[in-house]
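To keep things clear, I will list the structure first and then write my remarks on it.
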Number of protein chains: 2
Amino acid sequence: MADNARRTDHRYGIRPTMKDVAARAGVGLKTVSRVVNGEPGVTPDTERRVQEAIEALGFRRNDSARVLRKGRTASIGLVLEDLADPFYGPLSRAVEEVARAHGALLINGSSAEDPDREQELALALCARRVDGLIVIPAGTDHRYLEPEIKAGIATVFVDRPAGRIDADVVLSDSFGGAREGVAHLVAHGHRRIGFIGDQPRIHTATERLRGYHAAMEDAGLPVDPAWMSLGPTAPERVRDAVTAMVTGPQPVTALFAGNNRVTVTAVRTLAGHQRPVALVGFDDIELADLLGITVIAQDAAALGRTAAERLFRRLDGFDDAPARVELTPVLIARGSGEIPPHDA
Amino acid sequence: MADNARRTDHRYGIRPTMKDVAARAGVGLKTVSRVVNGEPGVTPDTERRVQEAIEALGFRRNDSARVLRKGRTASIGLVLEDLADPFYGPLSRAVEEVARAHGALLINGSSAEDPDREQELALALCARRVDGLIVIPAGTDHRYLEPEIKAGIATVFVDRPAGRIDADVVLSDSFGGAREGVAHLVAHGHRRIGFIGDQPRIHTATERLRGYHAAMEDAGLPVDPAWMSLGPTAPERVRDAVTAMVTGPQPVTALFAGNNRVTVTAVRTLAGHQRPVALVGFDDIELADLLGITVIAQDAAALGRTAAERLFRRLDGFDDAPARVELTPVLIARGSGEIPPHDA
DNA sequence: CCTGCACCTGACAACGTTGTCCAGGCCCTA
DNA sequence: TAGGGCCTGGACAACGTTGTCAGGTGCAGG
């Protein structure tokens, strides 16, 4: 009796189960399951009775139990660096859209560029048994994911390559993009060009630096070590780096900014400067058009979409060797990259 | 024998379970559970054997089963409008940080401003048995969540109030903010001020329009219906609205933009216009400082943090009546809002 | 009237974990 | 040496669902 009350009341914190629905509808447990899942083999009359019981009790299937039984969670995990970074918003949204098209939910977490936190997050997602995992690497060693991948969790890395592990990778051509951007500055007459990028352990940062070097070498231009600065993208650090390059003994007449964070701070810093300095930034930025900032734009949404599509192809049984997909960023000239050299 | 092989091999798609670990370590199932959960009552020697077996098999606890047993998922759901909108990135990140501090993961989804999709998403999250739900409403009727809340899923609404349901709400003072922004324009001499906002079914949109009316009335200024435009924030619509107001028979000398999307398009449109038009926008925007855009800034991260903290307080057993928390946005003068009236 | 068949329906086990409870072994004390 | 308490470890049920399989009913055909 007491148990009965517990079962049927709408008391706080109590969830009706299929068993309760079955009891109320006067049918078997399995019949409820059939109705809930739209399986065939239920008379219209029985179905109606079950539906009424579901309605009356406010029943909602417990997907945890379902997952346990079926083995698939219909959810994928996304580990990125920072959800608040305007670069990752569209990427995340694109992943979500693809997941939605496949009936899956998205669980995401920010690593804050900390390898330990990346691992902790990725493994937590695996423990949840997400069907697949999309990772924007913070660390450089992903062997910890090997057992997970072996166990069947499809995994795709985005934006940066995986470390010490063979897996799908989707990224932008950082090297080529930076090379093109710096070449653009060279073409507009610059010979002393500075490069400010993210921390050297981040793959895209060193690739873009490599692109810078290649472009300078292509043009036969010397590179002063003082013209290069890799490090955290905190505004203070970037501001100091910009100021040092622009006012140093061999002042640069142009700057290449390694990512959107750097570009933003560089623009702010240069705005307070009297001598015009040319600027090309990696990553597009909202309102860059109004500010006339020339950029190498990568398509964050396309990165996310491509990665997610690849992931779901694997989940659908496609079992090719891991591949590396590289998207080509495009240069958008808006003014700041076309400023001619102004020597000090 | 075959079963044994299935159990112990590292074959693709096979997951070792606690049972497998127990067999390998030569202990009971529950002992493995104890080790995995750091429960007391296991000799160091036994613990070592279990750890070795876990390592060797690459065991990872199946949280789905754990959830089923324990009833708590240690995850919360966030339904927002668009993860790609720069306003929601920081909000989402703030929620994530609070969740992380409480050991919970974040599942989020975008409603794309579609009430049906909002409901579908929210209910899917409930079926997953998230412990709590944070919703940025797209729809105006949330009675569908009543059984869920009764069943114990803590729910907090953010940015916009819940409809037809009594629940916690955290939002910015849209009315007051808009009123202050419009008053600012009035104080700078404007008498013909336009208002462009989001669709009227969105609460913040109508609240801000109300603030506009209040400020105009406070100043004893008449309002021409042609100076108000509510509708989708698609660039074309906003562009046309701006153009119409600025070039109409009673051209406005100042504009109030109802949110960040509107502001961006308004700035772009006004940039191609000869006569200076003053502008104040609701929501801060990256690089608005460089473009000199005066805004009413709300703190998206604070909204998310406040909501998440409230959610977890409920999860920790706090059982007060639902409350409404209102954050005060601040005016940041940067130039565009201080332009004096220029008549046509 | 019986057989065969199609169609519904429900009993039961299983998914992998945790909570409960009890058994056995050890040490300490009387 | 016997008795009692403590510590360790394991057997078992339960969480809520789905897959398997067998039983039951009704109808048509022989």
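Naming: A, B, ... by sequence-line order, numbering from 1 per chain. All values derive from a computational prediction rather than experimental measurement.
At a threshold of 4.0 angstrom between heavy atoms, the contacts of Thr43(B) are confined to the sugar-phosphate backbone, with no base atom among them. At a threshold of 4.0 angstrom between heavy atoms, the contacts of Val67(A) with the nucleic acid are absent. Counting non-hydrogen atoms under 4.0 angstrom, Arg34(B) reaches a base of the nucleic acid. Residue contacts for Val36(B): at a heavy-atom cut-off of 4.0 Å it reaches no nucleic acid atom on any strand shown. Across all strands, Asn37(A) comes closer than 4.0 Å only to sugar-phosphate atoms, never to a base (heavy-atom distances).
Between Arg49(B) atom CZ and dG10(D) atom C1' there is a gap of 13 Å when expressed in whole angstrom units. Here the P atom of nucleotide dT17(C) and the CG atom of Asp63(B) are 9 Å apart, to the nearest Å. Rounded to a whole Å, the CZ atom of Arg128(A) is 14 Å from the C1' atom of dT17(C). Look at NZ on Lys19(A): it is 12 Å from P on dA11(C), rounded to the nearest Å. A straight line from CG of Asp45(A) to C1' of dT9(C) spans 13 Å, rounded to a whole angstrom.
For Arg61(A) and dT18(D), the shortest distance from a side-chain N or O to OP1 or OP2 is below 4.0 Å. A close approach under 4.0 Å does not occur between any side-chain nitrogen or oxygen of Ser33(A) and OP1 or OP2 of dT17(D).
Between Arg49(A) and Asp45(A) there is a salt bridge, since a side-chain N of the basic residue sits under 4.0 Å from a carboxylate O of the acidic one. A salt bridge between Arg313(A) and Glu309(A) is absent, with no side-chain N of the basic residue lying under 4.0 Å from a carboxylate O of the acidic one. Here Glu118(B) does not pair with Arg160(B) in a salt bridge; the nearest charged N to carboxylate O distance is not below 4.0 Å. Using a 4.0 Å cut-off between charged side-chain N and carboxylate O, Glu120(B) and Arg100(A) make a salt bridge.
When the nucleotides dG9(D), dG10(C), dG19(C) are ranked by their closest atom to the side chain of Thr46(B), dG9(D) comes out on top. For Val42(B), counting side-chain heavy atoms from C-beta on, the closest listed nucleotide (dG9(D), dT17(D), dT17(C)) is dG9(D). Comparing dG10(D), dT18(C), dT18(D) by their closest approach to the side chain of Thr31(B) singles out dG10(D).
The bend of the helix from dC1(C)-dG30(D) to dA30(C)-dT1(D), defined by the angle between the axes of its first five and last five pairs, stands at 60° to the nearest 10°.
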Using the side-chain hydrogen bond (donor to acceptor under 3.5 Å, both in side chains) rule, take Asn37(A) and Arg61(A) through it: C-alpha gap first, then chi angles, then the decisive distance, then the call. CA-CA 10 Å; Asn37(A) 294 296; Arg61(A) 180 177 63 198; 2.5 Å; yes
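The aromatic rings of Phe312(A) and His102(A) lie parallel to each other, with less than 30° between the two planes, well short of the 60° mark.
A donor and an acceptor atom, one from each side chain of Ser110(A) and Glu96(B), are located under 3.5 Å apart.
Lys30(B) contributes a side-chain N or O that forms a donor-acceptor pair with the base of dG19(C) under 3.5 Å. Contact of Arg69(A) with dT18(D) (side chain to base): a donor-acceptor pair of N or O atoms is detected under 3.5 Å.
Between Pro44(B) and Lys70(A), the residue whose closest nucleotide on DNA chain D is further toward the 5' end is Pro44(B). Each of Leu68(B) and Glu39(B) was matched to the nucleotide of DNA chain C holding its nearest heavy atom; the match closer to the 5' end belongs to Leu68(B).
In this structure Arg310(B) satisfies the side-chain hydrogen bond (donor to acceptor under 3.5 Å, both in side chains) test together with Asp168(B), sequence neighbours excluded.
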